[in-house]
Amino acid sequence: MASIGKIARRTFLVGIAAIAGGAAFGVYMVRKDAPNPLVAGDGEATLNPYILINQDGVTIIAPRAEMGQGVHTTLAALVAEELDVAWDDITVLHGPPAQAYYNQALLGLALPFHHYADSDFQHNLRKNVGMVGKLLNLQVTGGSTSIKDAYDRMRHAGASAREALKLAAANQLGVDAATLRTENSKVIAPDGTEVAYTDLAMAVRDITPPDVDLRAKSTWKYLGKSMPRTDMVAKSTGTAHYAADTKLDALKYATIRMNPRRSGMISYDDSAARDMAGVEAIVDLGDGIGVVASNTWLAMQAAEAVEIEWEPASYPADTEGLLAATRAAFDLEPNSTTRDDGDVTATVEGTEITAEYVVPYLAHATMEPMNATALYTGDALEVWSGNQAPVIVRDKCAEAVGLDPEQVTLHTTMLGGGFGRRGEYDFSVPAAKIAAALPGTPIRMTWSREEDMRHDFYRPAAMAQFRGVVRDGKAQLVDGKIAAQSVTHNSSMRLVGQVPPGPDRGHVEGAADQPYSIPNFRITGHLADLTVPLGFWRSVGNSHNGFFFDTFIDEMAHAAGTDPLQFRLDMARAEHAPSAGVIEAVGEMSNWGSDKPANIGRGIGFTYSFGTPTAEVVEVEDTGNGIRINKCWIACDVGTALDPSIIEAQMVSGAVYGFSAAMQGEVTFSDGAAEQYNFYDYDALRMHNTPAFEVRILETNPHMGGVGEPGTPPAASALGNALFDLTGTRARELPLIKTFDLIL
């Protein structure tokens with residue numbers, strides 16, 4: 001198998017102004033091809049950073065992490081569509097840390113336009129600005145950008161590789177390459193002679209892959225169809241390799257114990273732990289300890305036996321204090337006013353309504369606990385980690401053990417759930433530090449579930465205050481204020497050491513960027529000055545702002561005496577046709593407005609996020625022994641649907657994640673530490689209370705949208721609105737179990 005070549009380190013940064021303005025050197029640096037990190041072994045050819053061919057078949061190198069979302073299948077299909085490789089011949093591997101695998105789509109999300117209203121010029125500007133990610137080595141899986149980022153790049157990789165193989169076959173057969181065609185991993189001559197791609201591996205190494213045009217959508221045979229998952233067999237048979245499965249000779253097992261108040265360590269006494277049979281080492285990590293033992297369970301028991309004096313938290317010690325500090329942010333000048341249409345300070349005739357909403361901190365709670373395996377040999381470090389940011393993880397591990405990044409080999413494994421949590425490095429670096437304390441000994445470090453919950457990077461608690469005016473059945477004014485810690489500032493400082501300039505657009509996403517025609521429409525974002533560690537939780541700011549904004553829209557509809565679906569549809573039709581289309585579609589799917597029994601309630605939710613308008617209708621039933629969710633209908637418009645089954649699965653998954661959090665998800669604090677420890681007090685939907693789903697995928701959106709996260713934001717509001725329809729009680733605080741008798 002190919003080895004990974006060293007990638008030159010770059011520190012040159014190009015600003016957005018240089019890209020937009022066309023500064024010659026800056027544009028050249030951005031557009032210049034990144035070096036191919038793959039180095040071909042004997043009998044192999046690496047035609048570009050995404051394709052390796054040898055006698056075993058075709059290996060497609062995926063630039064993004066597979067965490068159950070099916071991205072490896074669609075990434076493979078993008079290449080295979082142009083390469084004409086037989087589906088059964090494909091192997092997919094995670095790409096190594098490399099500049100070539102930068103995410104071009106991510107940075108473009110920060111541009112100050114309403115995403116739904118992007119013109120072709122603005123869409124292309126986002127792509128051009130996103131190229132700065134190459135200079136930043138921004139190899140990140142997140143923001144529902146994986147397929148948008150890869151859509152052109154990986155198809156071009158497949159197309160150029162196909163033509164290179166034809167050139168190699170033409171040389172071998174002595175014919176004109178233009179007379180050759182390709183099919184099912186073979187080059188085929190006019191006389192029927194077939195040459196397998198695997199037989200061309202050596203010959204194609206000397207061919208420079210040409211640039212060629214991509215095939216028309218009408219010719220697709222893989223894309224646009226539901227393909228067999230490339231990870232399905234391995235996951236079904238238990239042979240898929242996760243970080244927790246890493247096995248090395250003489251492997252030792254470790255865990256960590258860190259300050260639950262998220263600050264430092266004053267002192268510790270490990271005498272009791274050292275006396276436990278099978279405990280091999282206690283490692284001082286500075287802000288906590290690592291324990292190495294003969295098995296993981298023993299390591300966890302020994303870690304709890306260490307007596308530790310911790311520093312206090314740097315934030316209010318309990319939930320009440322944290323919420324008070326969040327509320328105080330309303331009195332501060334806004335960090336952002338990214339939506340300010342009309343004049344919300346003017347006198348507007350009509351019925352005025354006000355509302356305040358509150359949501360709690362939330363954990364990611366991935367099914368696979370945080371873990372990593374590391375082997376340190378003095379002049380090299382090897383790490384196995386299921387992660388969403390390979391370059392960051394590699395560089396942070398190198399720094400932690402005093403090595404250069406080129407001395408670190410990082411293997412990205414399958415991820416047992418990510419949701420943004422595995423974009424962090426806090427579980428990989430301790431493994432590297434413990435391994436460095438025991439050179440030559442491979443260490444598999446696994447967190448306990450309790451450690452995982454207490455040391456998550458949370459979705460922030462947030463509050464919103466809204467004022468609205470309706471007249472003649474229509475919205476005339478919406479003035480909203482959102483208060484919370486900044487996920488972007490908190491995470492960026494930790495991950496890259498600086499805060500992005502300008503207003504924090506992510507803080508108000510899901511509210512300020514909604515495609516509704518409202519004459520007077522303002523949303524301001526107010527940043528709470530707190531140090532509770534935050535991270536990118538599935539759908540990020542949209543997760544709570546979608547609940548705030550859409551619930552208030554529902555309240556306005558009822559105040560206006562207008563059907564809630566029609567109220568949204570009228571505003572969307574005047575602003576964004578694809579959004580109107582999904583609202584209309586979900587109404588048709590759910591037979592909205594039809595008669596229903598008194599014990600049935602229905603609610604609609606809508607949020608535009610990550611380029612994809614998504615509408616959901618939820619039906620709830622009062623069973624007499626609690627309220628359950630019967631059904632959820634989802635309509636989304638992704639622009640171009642590359643794999644319908646994966647899109648459907650992600651929409652359902654996103655809604656389940658949103659329902660779980662809305663119904664019972666809550667992280668509370670006492671004495672500076674999270675009070676939730678495990679799934680018994682931080683649970684998710686189970687089989688018995690998960691609704692039936694129906695999904696419809698539309699393709700009218702002019703630009704491709706994401707699918708991993710847009711199913712989450714409308715879930716909470718749709719459920720809350722359905723509960724209002726059933727009970728007459730409005731859901732203004734999450735989790736809903738505080739207000740409603742839900743079946744858990």
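- Ala580 pairs by the side chain to side chain contact (heavy atoms under 4.5 Å, CB included) definition with Leu569, Ala572, Arg573, not counting sequence neighbours.
- Seen from the ring of Phe724, Arg730 counts as a face-on cation partner, given the 6.0 Å and 45° thresholds.
- In this structure, the side chain to side chain contact (heavy atoms under 4.5 Å, CB included) partners of Ala674, at least two apart in sequence or on a different chain, are Tyr458, Val667, Phe669.
- Asn542 and Thr607 share no donor-acceptor pair across their side chains, judged by distance under 3.5 Å alone.
- The aromatic rings of Phe548 and His544 lie tilted to each other, with the angle between the two planes from 30° to 60°.
- Residue pairs satisfying the salt bridge (Lys or Arg N to Asp or Glu O under 4.0 Å) criterion with at least one member in residues 413-423, sequence neighbours excluded, are listed as follows: Glu368-Arg422, Arg421-Asp426, Arg421-Asp456.
- Applying the side chain to side chain contact (heavy atoms under 4.5 Å, CB included) test to Thr373 and every residue at least two apart in sequence or in another chain returns Thr246, Leu248, Leu251, Trp384, Arg444.
- In this structure, Tyr608 and His115 have perpendicular ring planes: the angle between them is above 60°, well past the 30° mark.
- Qualifying side chain to side chain donor-acceptor pair (under 3.5 Å) partners for Glu81, counting only residues two or more places apart in sequence or in other chains: none.
- For residues 678-703, the ring-ring contact (aromatic ring centres under 6.0 Å, His included) pairs, not counting sequence neighbours, are His123-His703.
- Residues that satisfy the side chain to side chain donor-acceptor pair (under 3.5 Å) test with Asn490, not counting sequence neighbours, are Arg494.
- Taking 4.5 Å as the limit, some side-chain heavy atom of Ile600 sits within range of a side-chain heavy atom of Asn630.
- Of the N and O atoms on the side chains of Gln676 and Tyr361, not one donor lies less than 3.5 Å from an acceptor on the other residue.
- Electrostatic pairing of Asp513 and Arg505 does not count as a salt bridge here, judged by no charged N lying under 4.0 Å from a carboxylate O.
- Among residues two or more places apart in sequence or in another chain, the side chain to side chain donor-acceptor pair (under 3.5 Å) test is passed with Ser579 by His576.
- Sorted by first then second residue, the salt bridge (Lys or Arg N to Asp or Glu O under 4.0 Å) pairs that include residues 710-725, not counting sequence neighbours, are Lys596-Asp725.
- For Lys127, the salt bridge (Lys or Arg N to Asp or Glu O under 4.0 Å) partners two or more places apart in sequence, or in a different chain, are Asp152.
- Side-chain contact between Leu106 and Leu138 is present, with at least one heavy-atom pair separated by less than 4.5 Å.
- With sequence neighbours left out, the side chain to side chain donor-acceptor pair (under 3.5 Å) criterion links Glu699 to no other residue.
- In the model, Arg602 has no side-chain atom that pairs as donor or acceptor with a side-chain atom of Ser590 under 3.5 Å.
- Side-chain polar atoms of Ser385 and Ser428 form a donor-acceptor pair below 3.5 angstrom.
- Ala389 is linked by a side chain to side chain contact (heavy atoms under 4.5 Å, CB included) to Val140, Ile392, counting only residues two or more places apart in sequence or in another chain.
- A cation-pi arrangement is absent between Arg155 and Tyr222 under the rule of less than 6.0 angstrom and at most 45 degrees off the ring axis.
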